[in-house]
Number of protein chains: 2
Amino acid sequence: MSKAANTRLTILHKAFELIYTKGYQTTSIDEIIATTKVTKGAFYYHFKTKDEMGIAIIEEILKPTMMKHFIEPIEKSQNPIDDFYNMISYLLMDDPFLQVKYGCPVGNLTQEMSPWNNNFTEALRELVSQWKLTIIKAIEKGQEEGLIRRDVIAEQVALFILSGYWGIRNFGKLQNNNSVYVVYLQGFKKYLNNLK
Amino acid sequence: MSKAANTRLTILHKAFELIYTKGYQTTSIDEIIATTKVTKGAFYYHFKTKDEMGIAIIEEILKPTMMKHFIEPIEKSQNPIDDFYNMISYLLMDDPFLQVKYGCPVGNLTQEMSPWNNNFTEALRELVSQWKLTIIKAIEKGQEEGLIRRDVIAEQVALFILSGYWGIRNFGKLQNNNSVYVVYLQGFKKYLNNLK
DNA sequence: CATAAAAAATACTAGTTGGTATAAAAAACA
DNA sequence: TGTTTTTTATACCAACTAGTATTTTTTATG
């Protein structure tokens, strides 16, 4: 990787970290260039505006991560019920990057940016739609294979799963204690078993 | 009400509206005093700092509204399952103040402020805890009366209900279309019926 | 009515914000 | 190598931020 491409990636990663922990609008460019040790000239060579960088974070960091770790595994799923549980459980309890007190990066950005910037909303909507669609397909496949009841409405369940995840993430931010995750996951397991 | 008390309330209400639609940190005091037509002198006579005003919004607007419209009705509930559904359905579909694209005020503030200000987090935590506790009690009462299965774990369900609500609110922000609410509510109804 | 206290108005500050203009250095290539 | 292009560095700006100091007006009270 060229040196220039490297500075670009460094900016994206460090900025993402700052934004995840502090919020987008309250993360200043001065702070980003201070922590990355990149000058303002370099920053504005790689990104025309702060918002362009924000979109790049979604497109070049969030989307690929999402694809690799959550979309593709569900697509290959042989056992949707278990895999849904494992996906959410991993995100809540095991993912080494995510922290209880900082919530879900996608949820945070949605919450903060949707009133402000349509490009953000659009990019996030795409990401989430794909996630939802993957879950829907996995449910339908599970129904064909007799693993999930036929009267289950796939979209309803997909929405329920993702909403619950975002919501409990917000709860986690409030309590800063993953005991709420434990209780939530128990309820989530029961909910999933009801789909069988 | 004295004139002074009136300006104070005007500030709180208008500021709350701005914060709900735009976020706390991006709502400036200059903007608040411009829309309220109150001068800076008046503002800082009533509130020592911006954050003090923010806390006052939670304590004097959010909490009382919450108590009156969502806590007390559930406390008096004769039929918890129906009342849970009605509460969430009202919040999502009928409340005249709340809008799809702006999400849930409590959720928004939690998301935005918990990394920044512990007083906010504390005040919001209190509010949410009370809501959760009320739901738990209603479930337990329902169990005693044979309306809800005995093996249901009240806290699990309360957490599930509130998480789902916060999450679908976030979804609504992303889609800016209450059709997601409709689908969600259908799934929510099924979930609740499973508790019987 | 006089006077003290409460409430509101005005003008200002120091610090921060995203972004720009321009120059310097590094890399690519002839 | 010399020269063009890419990348980075530095210094700056106008607009905005929360908050302050001071004065003026309004209200309550004897």
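Numbers restart at 1 for each chain; the letters A, B, ... are given by sequence-line order, proteins then strands.
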From C-beta outward on B:T39, which listed nucleotide comes closest to its side chain: C:dT17, C:dA8, D:dT8?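 Of C:dT17, C:dA8, D:dT8, C:dA8 is nearest to the side chain of B:T39.
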
B:T7 side chain: which of C:dA8, C:dG19, D:dG19 is closest?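 Of all the options, the side chain of B:T7 is nearest to C:dA8.
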
Hey, which sits more toward the 5' end of DNA chain D by its nearest nucleotide, B:S2 or B:I29?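 So the residue in question is B:I29.
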
Taking [atom1] from [X] and [atom2] from [N], how many angstroms apart are they, rounded to a whole number?
X	N	atom1	atom2	result
B:Q25	C:dT17	CD	P	12 Å
A:K50	C:dG19	NZ	P	8 Å
A:N6	D:dT6	CG	C1'	16 Å
B:F43	D:dA18	CZ	C1'	9 Å
A:I33	C:dG19	CD1	P	13 Å
A:E31	C:dG19	CD	P	16 Å
A:I32	C:dT17	CD1	C1'	12 Å
A:Y45	D:dT6	OH	C1'	5 Å

Tell me whether the count of non-hydrogen atoms from other residues, nucleotides or ligands lying under 6.0 Å of NZ in B:K189 goes above 12.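 Check fails, neighbour count at 12 or below.
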
Measuring from atom [atom1] of [X] to atom [atom2] of [Y], what distance do you get when rounded to the nearest 0.5 angstrom?
X	Y	atom1	atom2	answer
A:Y191	A:N194	OH	CG	9.0 Å
A:C104	A:Y165	SG	OH	4.0 Å
A:T36	A:L18	OG1	CG	8.5 Å

Considering just the side-chain nitrogens and oxygens of B:S28, establish if one lies under 4.0 Å of OP1 or OP2 belonging to D:dT17.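 B:S28 to D:dT17 OP1/OP2: side-chain N or O found under 4.0 Å.
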
For D:dT8, does either OP1 or OP2 sit under 4.0 Å from a side-chain N or O belonging to A:H46?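 Checking D:dT8 against A:H46, a side-chain N or O does come within under 4.0 Å of OP1 or OP2.
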
For A:D30 and A:G41, find the nucleotide of DNA chain C closest to each by heavy atoms; which residue's nucleotide sits nearer the 5' end?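 Its nearest nucleotide lies further toward 5', so the answer is A:D30.
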
NZ or CZ of A:K190 within 45° of B:F160 ring axis and under 6.0 Å: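 A:K190 over B:F160 ring: no.
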
Ignoring hydrogens and geometry beyond distance, is the side chain of B:K40 in donor-acceptor contact with the base of D:dG19 at under 3.5 Å?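 Answer is yes: a donor-acceptor pair is held.
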
